[in-house]
Amino acid sequence: MHKYANPTFFMRIANAVFPYAAGISILCFAVGIPLALVFSPPDYQQGETVRIMYVHVPAAWMGSMVYGVMAVSSAVYLIWRHTIAHIIARASAPIGAMFTALCLVTGMLWGEPMWGTWWVWDARLTSMLILLFLYIGYIALGDSFEDQERGDKASAMLALVGSVNLPIIHFSVEWWNTLHQPAIRSFEGFSINAAMLWPLLLMVFAFQTYYVSVLIIRLRGELLSAKIRTARFNLAAAE
Amino acid sequence: MSGFSTILRRELTLSLRSQGDVMTVIAFFAIAAALFAFGVGPELNVQSRIASGVVWTTALLAALLSLERLFALDYEDGTLDQLMLSGTEPIAMVLAKTLAHWLTTGLALLIAAPVVALALQLPTQAYGALMMSLALGTPTLSLLGAVGAALILGAKRGGVLLSLLLLPLYIPILIFGAAAVEGATLGLSTSAPYAVLGGLLVAALTLCPWAAASALRHALE
């Protein structure tokens with residue numbers, strides 16, 4: 001595993017993966033969006049509003065998944081001091097925050113026609129909101145130090161501390177029985193009709209490959225800005 | 001263990017010498033609660049309805065107030081380096097400082113809470129639950145706060161950043177603390193929120209000193 005810690009080697013693999021990830025993402029969106037928003041059947045209870053699910057559910061899954069990636073990368077960074085792991089975590093944070101925000105916004109838009117309210121303070125919604133604040137806190141903490149490495153370490157530790165929220169999000173609909181419906185995916189399989197399941201899975205796959213593609217673009221940017229910093233430093237030292 | 005009691009005694013002596021510390025926390029608690037009373041107006045039944053949430057929210061904000069300086073003063077003048085080098089286990093040092101923080105804020109809030117609750121017309125049957133939930137919840141606030149205070153050492157905007165980091169993590173404690181008081185007001189059983197608050201306290205007591213000590217080590221590298 002440790003040979004992947006070399007940024008040059010890692011980016012060579014990432015750059016090779018990029019066209020496939022981006023291509024699959026575009027393809028899945030191109031098929032998934034019409035399927036989900038037009039051709040899939042309306043729900044017998046919720047009518048056409050069920051189509052919000054095809055954006056809401058993948059966004060929710062990605063919101064927690066990206067935080068999981070951040071927490072694992074931060075642990076790798078703190079244990080083995082691999083800088084690339086922290087760069088992955090830092091580059092993931094804004095993407096994960098956007099997924100979480102998208103989940104909350106679509107959830108509100110869905111809640112208004114279904115529950116008659118934009119927002120309820122139930123466990124699932126509250127824990128997703130906490131997740132968004134954790135993302136914002138992570139980004140803010142990383143930017144708050146003049147010594148970059150200090151910010152890296154502090155934000156990596158915060159990512160680990162905040163990971164206690166992930167199981168709370170996952171089990172919140174089982175522990176507290178509230179307005180939010182139970183999970184679609186469980187150990188017994190999927191509690192959803194096949195005509196809705198396929199568009200949903202396509203959208204999930206599109207979101208996942210989208211995350212991988214954007215992450216690689218952001219990684220390139222992060223590594224380039226690190227190179228520029230070093231170059232400027234050398235230039236200043238030479239003068 | 002001698003290091004633990006020495007640091008605890010030092011912290012308590014320091015905060016008792018500048019009596020302002022404890023008084024500021026209580027004064028902030030009372031004023032913030034009064035703001036709610038002014039904000040919702042003088043109707044007694046409205047105040048009594050929201051009293052449980054207001055007391056818990058303001059107590060939580062007051063506990064946050066003094067956290068920024070938990071390690072910051074010692075960090076700036078170099079005492080923290082000495083403490084880390086003194087041979088005392090860093091976890092014991094964190095625990096001593098956290099306990100001192102709780103004794104000077106959590107305990108002070110616990111003593112002041114019934115008076116503030118009285119002014120907000122909290123129903124009589126809820127006082128036991130208010131004291132019990134604060135006793136179980138405020139140590140967790142101090143423990144989580146120690147992690148946050150250690151993470152922000154040397155940051156450019158300490159106080160605001162600390163609130164941003166800690167308040168999301170404080171939400172579960174607020175929910176179950178207020179739920180206990182609310183339940184007692186309505187005459188329901190309060191054992192479930194107590195159990196959750198107790199569980200959170202045990203988890204925080206196990207993990208937070210370790211996380212804070214590790215954050216301190218990184219801060220001083």
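As the structure is a computational prediction, the values presented were derived from the model and not from experiment. When reading the values below, keep in mind they use all heavy atoms of this one structure, side chains included, and skip hydrogens, waters and symmetry mates.
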Quick check on [X]: does its [atom1] atom have over 12 non-hydrogen neighbours (other residues, nucleotides or ligands) under 6.0 Å away?
X	atom1	result
B:Lys156	NZ	yes
B:Gln125	CD	yes
A:Met11	CE	yes
A:Phe133	CZ	no
A:Tyr210	OH	no
B:Arg49	CZ	no
B:Trp210	CH2	no
A:Phe205	CZ	no

Discussion item. Need one label for A:Thr126: side chain, backbone, both or neither, based on atoms under 4.5 Å from any heavy atom in chain B.
Written reply: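 Side chain only.
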Worksheet item: Between A:Leu131 and chain B, which part of the residue has a heavy atom less than 4.5 Å away: side chain, backbone, both or neither?
Response: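 Contact with chain B involves no heavy atom of A:Leu131 at all.
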Practice prompt. With rounding to the nearest 0.5 Å, note down the distance linking CE in A:Met157 to CZ in B:Arg217.
Written response: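 CZ of B:Arg217 is found 9.0 Å from CE of A:Met157.
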Fill in: Contact leader toward chain A among B:Val147, B:Ile152, B:Leu144, where contacts are heavy-atom pairs under 4.5 Å
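If we count pairs closer than 4.5 Å to chain A, B:Ile152 comes out on top.
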Practice prompt. Identify which of B:Cys208, B:Ala155, B:Gly154 forms the greatest number of heavy-atom pairs closer than 4.5 Å to chain A.
Written response: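 Heavy-atom pair counts peak at B:Ala155.
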Worksheet item: Can you list the steps and then say if B:Leu169 with A:Leu134 is a side-chain contact (heavy atoms from CB on, under 4.5 Å)?
Response: CA-CA 9 Å; B:Leu169 299 173; A:Leu134 286 174; 4.1 Å; yes
Fill in: From CA spacing to verdict: side-chain contact (heavy atoms from CB on, under 4.5 Å), B:Leu153, A:Arg150
CA-CA 9 Å; B:Leu153 283 181; A:Arg150 173 87 185 88; 3.7 Å; yes
Indicate the atoms forming the closest heavy-atom contact of [X] with [Y], along with that distance.
X	Y	result
B:His218	A:Leu78	NE2-CD2, 3.9 Å
A:Gly137	B:Leu164	CA-CD2, 3.9 Å
A:Ala140	B:Leu161	CB-CD1, 3.7 Å

Fill in: Region of B:Ala203 in contact with chain A, defined by heavy-atom distances below 4.5 Å
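Looking at B:Ala203, nothing touches chain A.
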Fill in: Contacting moiety of B:Leu151, where chain A heavy atoms sit under 4.5 Å
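Both backbone and side chain.
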